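If you read the sequence from its start, that first residue is 1, and numbering goes on from there. No experiment lies behind these values; they were computed from the predicted model shown.
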Amino acid sequence: MKKIQNFKRIWSLCAPYRWYIIGILAFTLIQQVVNAIFPIILGSLVTAVMKSDMNTFLWAIAIWTVLISIRTGITYLREFFEIRNLSYELSRYLARISMEKFFSISMGQHHIGHSIIKSSVIRKGEASIAGIVDSGIYEFIPTILTIILPLGFMLVKVPIVGICVLVTIVFFTVYTFKYNSLFVPKLRKLDTLSNMVTKKYGEVIQNADVVYVNAQEDRVRRECDNENASQGIQGKPVWISYIAWFFGGLWFTQLSQVVCIAISGYLAYKGKITSGTFVALSMWISSSLGMLWNISNMQRNMAKNMAPVSKYFRFLDYQPEITMPVNPVPIENLRGRIEFRHINFTYRSRVDKDAMDDDMDSVETITLDKSTDIPTLQDVSFVIEEGKRHAFVGKSGAGKSTLVALILRAFDPQGGHVLIDGVDIRMLDFRELRRNIGLVPQDVSLFDGTMRYNITFGMNGSVGKVTDAELDTIAKLSRISEFKDKLEKGWETVIGERGIKLSGGQRQRVGIARALIKNPRILIFDEATSSLDTENEARIRESIMEASAGKTTIIIAHRLATVRDADKIFVFDEGEVVGQGTHEELLRENEYYQRLVHNQVIMA
């Protein structure tokens, strides 16, 4: 039942291309009808030769030539039509649907990392749907026509032979579907084992340095060998069983061909059919019964493709938690005042209803104990004034970065309100809001593109208007100017995947430049210096101080030297604000802050 629903949904998904698919199938039908007529023409040629009937012989040759031309022309038109209108366009269409769905899911859902939001689920799902459509057009329908059309001719011309072929087809089809219903689950388990081996090898290659440093080459080789051995132990019985079935079925179909051709030969020997009809029957029998193996392969491949298709449809059905308001309040001249009113927030468990491993085909429903969830923020209320520098400090897990996520509306709080310039954030267009926020995270994500592309990524269509002079100005603010002249092609230098050609400090400065070039009213530095050495931290701190002038700025840091010059520091502990004030005020009055400073002095 679920497979039928999936097929219906695939057909629905292909709605813009249905007529193209129908057109291609029409070409296929004509091609297969021509193929089914060829044995009749060949039979006529044989009969004409046997009777020395030159007139019939020439007519048969002429018709054969016409049919060859028609088949070649139809095949060309079908391929041309498919390449031009379907193959690339369908893949592009599916990718567009995937991206639209992917970016309709909220930031918070991506952060939580639900197992269904995976590139592998999307990629395999798209490929499987395209594969099913392609298989239907070029394998399933042609195979069925190749079996059915000759069978129809046989049932009309020589019913007894047609009935023998029909019985063979029905028996073999039932036999195949029955076996595949047992074989496909085993094959899926083998695919899972293969995925695990591939995953293991990928981890080893990715963590080669760890292997070398710990001198664990022999151990890793043994582990990889054991994975392969396990695959062989479980795979051999499955494939031994398969080849027994395969050759049993092969023997049956070949024996059936012999029987059917023998019956045809006997009828020809008795004079009930002509020698030409015998030739035509032999070709039809070979065509119908010879294609039976395609049914087995197609059914097995279809079953394998259905697992990733099911996962892909679950991805398409995944609902966003954050939605755009119907009539959002326009953002004009954002000042940057942020207010948190009685905020309560708890992260939900990573998987809230369904758990699914990408290496597995099964979907397991899990019931979670909600009582184990620990509140991240509890009745948090405070105000961030416009145009001022503010800092969040406290131990890891105190809720600092969660507040940033709420400002970006990656999540909505379970209780309370976040207001920007007095407007509840739920009433704003969150994309427009994010265009007014510049975020520099601890780990800056970079694309495998040019420096210009990475810095101007958030410009929302204005990239072409950014001049080199403007980039140079941003470079000074972000301290990129200190290394920009060393780049091979300046702003057009390709920095590699994840910015691998840049150092940690340089990547951080690119992140600052990306945030600044948007000219945002709100700047957020979330642990932007935590992974840097002292020298680079000092440079980035200078960049932050200069870049944040006149902007509402939030600085999250564990190193108190980074935040001591802030206009106001908020101290967090266990999801609550336990102090606020300047560095000097907190140092005099707040015991928790005093401990933070004392601990860092000791560690220094």
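Ring-plane geometry between Phe447 and Tyr453 is classed as perpendicular, the angle between the planes exceeding 60 degrees on a 0 to 90 degree scale with a lower cut at 30. By the 30° and 60° cut-offs, the orientation of the rings of Tyr347 relative to Phe345 is perpendicular. Using the six-membered ring where Trp is involved, Phe392 and Phe570 have ring planes that are perpendicular, over 60° apart on the 30 and 60° scheme.
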Could you please spell out the steps behind the side chain to side chain contact (heavy atoms under 4.5 Å, CB included) verdict for Ile322 and Asp412?
CA-CA 7 Å; Ile322 305 297; Asp412 281 338; 3.4 Å; yes
Using the ring pair (Phe, Tyr, Trp, His ring centres under 6.0 Å) rule, take Tyr138 and Phe140 through it: C-alpha gap first, then chi angles, then the decisive distance, then the call.
CA-CA 6 Å; Tyr138 286 104; Phe140 182 74; over 10 Å; no
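A salt bridge between Asp573 and Lys395 is present, with a side-chain N of the basic residue lying under 4.0 Å from a carboxylate O of the acidic one. Using a cut-off of 4.0 Å between Lys/Arg side-chain N and Asp/Glu carboxylate O, Arg452 and Asp468 are scored as salt-bridged. Electrostatic pairing of Asp429 and Arg434 does not count as a salt bridge here, judged by no charged N lying under 4.0 Å from a carboxylate O. Under 4.0 Å is where a charged nitrogen must lie from a carboxylate oxygen, and between Glu339 and Arg337 at least one such pair does. Contact check on Asp424 versus Arg426 returns a salt bridge, with a Lys/Arg side-chain nitrogen under 4.0 Å from an Asp/Glu carboxylate oxygen. Lys568 has no carboxylate O lying under 4.0 Å from a charged side-chain N of Glu385, or vice versa, which leaves the two without a salt bridge.
No donor-acceptor pair closer than 3.5 Å links the side chain of Glu332 to the backbone N or O of Pro330. Without hydrogens or angle criteria, Asn207 side chain to Val210 main chain gives no donor-acceptor distance under 3.5 Å. Formation of a donor-acceptor pair under 3.5 Å by the Glu576 side chain with backbone atoms of Leu377 is not found in this model. Distance alone, capped at 3.5 Å, places no donor-acceptor pair between the Arg341 side chain and the Gly416 backbone. Judged by distance alone, the side chain of Thr198 and the main-chain N or O of Met196 form no donor-acceptor pair under 3.5 Å. In terms of modelled atom types and a separation under 3.5 Å, the side chain of Arg514 and the main chain of Asn454 share a donor-acceptor contact. Side-chain N or O atoms of Asp421 include none that pairs as donor or acceptor with a backbone N or O of Leu334 at under 3.5 Å. Without hydrogens or angle criteria, Thr450 side chain to Thr493 main chain gives no donor-acceptor distance under 3.5 Å. Side-chain N or O atoms of Lys101 include one that pairs as donor or acceptor with a backbone N or O of Leu316 at under 3.5 Å. Looking only at distances, no side-chain donor or acceptor of Ser12 sits under 3.5 Å from a matching main-chain atom of Lys8.
Within a 6.0 Å sphere centred on CD of Glu497, heavy atoms belonging to other residues, nucleotides or ligands number 12 at most. Summarising the local packing, CZ of Arg431 is surrounded by 12 or fewer heavy atoms from other residues, nucleotides or ligands at distances under 6.0 Å. Shown here is Ile500, whose CD1 atom has no more than 12 heavy atoms of other residues, nucleotides or ligands within 6.0 Å. Within 6.0 Å of NZ in Lys551 there are more than 12 heavy atoms belonging to other residues, nucleotides or ligands. The 12-atom threshold is exceeded at CG of Asp317, counting heavy atoms of other residues, nucleotides or ligands nearer than 6.0 Å. The number of heavy-atom neighbours closer than 6.0 Å to CE of Met324, taken from other residues, nucleotides and ligands shown, is above 12. Counting heavy atoms of neighbouring residues, nucleotides and ligands inside a 6.0 Å radius, atom CZ of Arg92 does not exceed 12 of them.
At a threshold of 4.5 Å between non-hydrogen side-chain atoms, the residues Leu86 and Ile137 count as touching. The shortest distance between side-chain heavy atoms of Ile480 and Met451 falls below 4.5 Å. For the pair Phe340/Ile407, a side-chain contact is recorded, criterion being any heavy-atom separation below 4.5 Å from C-beta on. No side-chain heavy atom of Ile24 sits under 4.5 Å from any side-chain heavy atom of Ile21. The side-chain heavy atoms of Asn344 and Pro413, taken from C-beta on, include no pair separated by under 4.5 Å. In this structure, the side chains of Ile129 and Ile132 stay at 4.5 Å or more apart for every pair of heavy atoms. Counting heavy atoms from C-beta on, the side chains of Ile569 and Gln580 never come closer than 4.5 Å. Between Val393 and Val563, some side-chain heavy-atom pair lies under the 4.5 Å cut-off.
The side chain to side chain donor-acceptor pair (under 3.5 Å) search around Asp472 returns Trp491, not counting sequence neighbours.
For Glu126 and Ser91, the side-chain atoms include no donor-acceptor pair closer than 3.5 Å. Neither side chain, Asn305 nor Lys124, offers a donor N or O lying under 3.5 Å from an acceptor on the other.
The nearest pair of heavy atoms linking Asn85 to Glu89 is O-CB, 3.7 Å.
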